[in-house]
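One-based numbering, in listed order, for ligands and for the atoms of each. All values derive from a computational prediction rather than experimental measurement.
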Amino acid sequence: MTPASARERHTDLSLQIQQHDRAYYIDARPTISDPEYDRLYRELVDLETAHPDLRTADSPTQRVGGQPLAGFTQVAHSVPMMSLDNTYSSEEVQAFLARAQKPLGDAQLRWTIEPKIDGIAVSLRYEHGHFTIGATRGDGTLGDDITANLRTIRNLPLRLTPAEGIPVPELLEVRGEVFMSLTAFQKLNAERAAAGEELFANPRNSTAGSLKQLDPRLVAKRPMQVVVYGIGAVTAPEVPTRQADLLAWFRSLGLPTPERLWVAHSPDEVVQAIAELDTVRRSFAYETDGAVVKLDDLALRERLGTTSKAPKWAMAYKYAPEQAETRLRAITIQVGRTGALTPVAELEPVFLSGSTVSRATLHNEEELRRKDIRVGDVVVIEKAGEVIPAVVRVVPERRTGAEVAFEFPRSCPECSTAAQREKTTSGEGAVWRCTNPHCPAQIRGRLEHWCGRAAMDVEGGGEITVQQLVSAGLVRDVADLYQLAAPAIAGLERMGEKSAANFVAGIDASRSRELRRLLFGLGILHVGAGTAKALARHFPDLDALAAASPEELMKAEDIGEVIASSVHAWFRDEANRLLIERLRTAGLTFTSATYRPPTAVAGGPFAGKTFVLTGTLPTLKREEAAARIEALGGKVSSSVSKKTDYLLAGEEAGSKLDKARTLGIAILDEPTFLQMASSTEPQG
Ligand code: IVH
C-alpha cells in the first residue's frame, strides 16, 4: 500500500469507527454488529502498525491508554469552574427564584431542571473539533491536566461529529461530569474483592480514584462515561442562547448530554419538575443526588452574574438521603490508629442507595446514650452522599423489651489496656482512647493510613495484607515496610508469589512519593491532607520542617497555634525522630517537590505580608486579587487572625470585617489596594 492510499484508508476507517461509536454510545442505536466493528478496528490497528505516523493522538486506537505520566500538569481554566449553591428545602428554591426575578423586573423567566450528576466535574476542550485538553475542576481556577485518562473514556468523542449542516466550532469548551454506572462499579468491586484489593466505597470514589491514576493503561480498564451540561470558552459562528438549545447543540456535535431536561415557566412548575425528576432519576445510568435549576436564557444569566463561588442564576436542590430500617444485631468496638474506641453497629444486611449495608458507625458513647440505642433495636439508617452509613434513630414502637443497653468498655478490646477519656478544653470529651502505642489495632491503623490512597498510596497495602503482616510479627511500624522481602511475605495466607512481588513493588514505588503524602501518612494529630500540603509548600524539606519552632510553623498558610504545637511536639518525640531516621535510611523522599519559596519583592509593602480577602470587590475578581498579592510577595490566608496584616474588603463583607476591626488590622478597599500594588510593581 502506498503511503497516500494508507492515509486515505486510515481517514476512512477512523471516520467509520467514530460514526459507529457515536451511534452506539451517544444515540444508543448501534449500526453494525460487534464482530463487524472489531474487524474495522483490527484493520485500523494493523494499518497503524505498518504506518506508525498515522497513529495520531485522537485516533480511535488511542483509547487503550498511552505512556504513564510522572505527574499531572496544571491547566488554567479560561472560564472559572464554579460550584453551586445547594439546599434541601423547596422554600429555599422558591426564595432563590424570587431573588433571581427581582433584578430582571417582570420578564417572564424560563427555568430548566436537570439531574445533578454525582460524578467528577471535568472541562473538555475541543479545538477545530479535536479533543485537545481535558482537566479536573481543581480549585476552580487551576485544575489537573487529565487528557490522557479522559481519552480512554469510550463515550467521549475524540473528534466532534457534527450532524449535517452544523459547522464545527473553532473552539468549544464543555463542562460535564465523569461517572461510573452502578452496575459497572459493582462489577469492578467484585473483581477487586476477588483479587484481594481494597474496595471503593461508591461509584463516585472509584471514578475519582481512576481519574487520578498516572497510568492511562490502567484507567482504560475502568468503565467510566462522561455527560456534559455546560459551556466554558467558545468561538463559533452561532452559539445557542438557551440551555435547552445548548444541550441540543452538544448532542448534534456528538457529545453525550443528560437524557432528560424539564422546562418550567413558573416557581410552581419548577417545584413540580424537581418532584418528577425524583421519580425517574433511579433509572439513569449515573447516580444523582439532586436537581439543578438553571435560568434558561444565557443572556439573562450574564445580568445576574455570580458570587465568588457560585452563579446567581443556578441552584441545586438535593434530595433527602435514602433511609432504611433494619435490626441492630450487636455493637462492636473498633480501635482506630489514634487509639479512639468507636462503637460500630452490626446490622442485619439491608439494601440502601445502591449497596448492601451491614455496618454503620455509632460515633461515640455519648451518641449511643443520647439516641438510647440498644442491642436488638430496630433502627433507621441513612447514607448521605459518600459518608459511611449512620444510625439516625431507633424505632421505639418496635421494641419488645428484649433489647439490652450497651456497656461501653473501659479498656481496649484489642490489648486490654485501660482506656482514657479524652480531655478537651471544655472538660471531658466524648472519645475514649486506648493509650498503648504498641496496641496491635493502632499499629494496623497507622499502617493502613500510611498505605492509603491519599497518603503513600501503596498498591496492595489494604486492610487484609496489613492485618496479616502485623499478626505474623513482620511489621510493627511504617519503617518496617521498607525492610520487607518478597519471600517472607509470600508465605502469608492468600498471598502467593505474584501478589507478594506486587506488594513489594508497591512499597518500593512509595519511596518516591511527594513529601506532602509522607507528612499526611505520618498521622500527626491535626495534620490532614490539606495541612500536609500547606506544610510541604512552605518548607523545602522534612528537616527544615522538623527543626521549625511553632512560630515558624505558623508562618505557613492556614497553620494556627493548635496545628503548629502538635507538629512541633511530634518532632520532639524521641520515638518519632527515630522513625524519621529509619525512613531516611530506607530512601524515602524528604525534599518537597511543591516547595514555593516566598517570591518577596524586596522593599515593597507586600513582602512577607499576609492578606485576607472578603466581600465582593468592585472590579477585581477574588482570584485576580490573590494572584496580584502573591506575585508581589504577599500571602493570602482564608481566615483573620493576629497574623493578618491587611484585610482587603469589598461589598457585603461579613464576620471577617468585624473580626479584623476587633483585632485592629488594617482594612483596605480596592482603590487603596491597587494603588499600593502599582507602587510596588517591579519596574522595567
Ligand atoms: S452546572 C457554574 N449542572 O455539581 C456551575 N453542575 O455542586 C455550573 N453537577 O461543580 C454547574 N450535575 O460538578 C451543573 N446538571 C448539572 C450538574 C452539575 C452535577 C456538579 C458540578 C458542580 C457541582 C456543584
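- The contact set between ligand 1 and M82, taken as ligand atoms under 4.0 Å from a residue heavy atom, comprises 2 (C), 5 (C), 10 (O).
- Look at E287 and K116 and you find no salt bridge, because none of the NZ, NE, NH1 or NH2 atoms lies under 4.0 Å from a carboxylate O.
- The contact set between ligand 1 and A121, taken as ligand atoms under 4.0 Å from a residue heavy atom, comprises 13 (O).
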Inset, instruction - Applying salt bridge (Lys or Arg N to Asp or Glu O under 4.0 Å), run through E191 and K187 and close with a yes or a no. - result: CA-CA 6 Å; E191 287 164 10; K187 188 161 160 270; 3.8 Å; yes
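- Within the listing of ligand 1, atoms 3 (N), 15 (N), 16 (C) sit less than 4.0 angstrom from a heavy atom of E114.
- Residue M81 does not touch ligand 1, judged by heavy-atom distances below 4.0 Å.
- Aromatic pair F96/W111: ring centres closer than 6.0 Å.
- K318 and D289 are joined by a salt bridge, as a carboxylate oxygen and a charged side-chain nitrogen come within less than 4.0 angstrom of each other.
- In this structure, T207 contributes its side chain and V178 its backbone to no donor-acceptor pair below 3.5 Å.
- The shortest heavy-atom distance from P311 to ligand 1 is under 4.0 Å.
- Rounded to the nearest 0.5 Å, atoms CD (E127) and CG (L172) are 10.5 Å apart.
- For atom 3 (N) of ligand 1, the choice among K116, R301, K294 with the nearest heavy atom turns out to be K294.
- If you check which protein heavy atom lies closest to atom 13 (O) of ligand 1, you get E177 OE1, 3.0 Å.
- Looking only at protein heavy atoms, the nearest one to atom 12 (N) of ligand 1 is I117 N, 3.0 Å.
- Residue P115 touches ligand 1 through its backbone alone, judged by heavy-atom distances below 4.0 Å.
- Contacts of L84 with ligand 1, taken as heavy-atom pairs under 4.0 Å, involve both backbone and side chain.
- Shortest contact from atom 9 (N) of ligand 1 to any protein heavy atom: Y229 OH, 3.4 Å.
- A salt bridge between K294 and E114 is present, with a side-chain N of the basic residue lying under 4.0 Å from a carboxylate O of the acidic one.
- Annotation: W313 places no N or O atom under 3.5 Å from an N or O atom of ligand 1; distance criterion only.
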Inset, instruction - For the pair R242 and D297, evaluate salt bridge (Lys or Arg N to Asp or Glu O under 4.0 Å) and give the outcome as yes or no after the intermediate values. - result: CA-CA 5 Å; R242 299 173 44 183; D297 189 312; over 6 Å; no
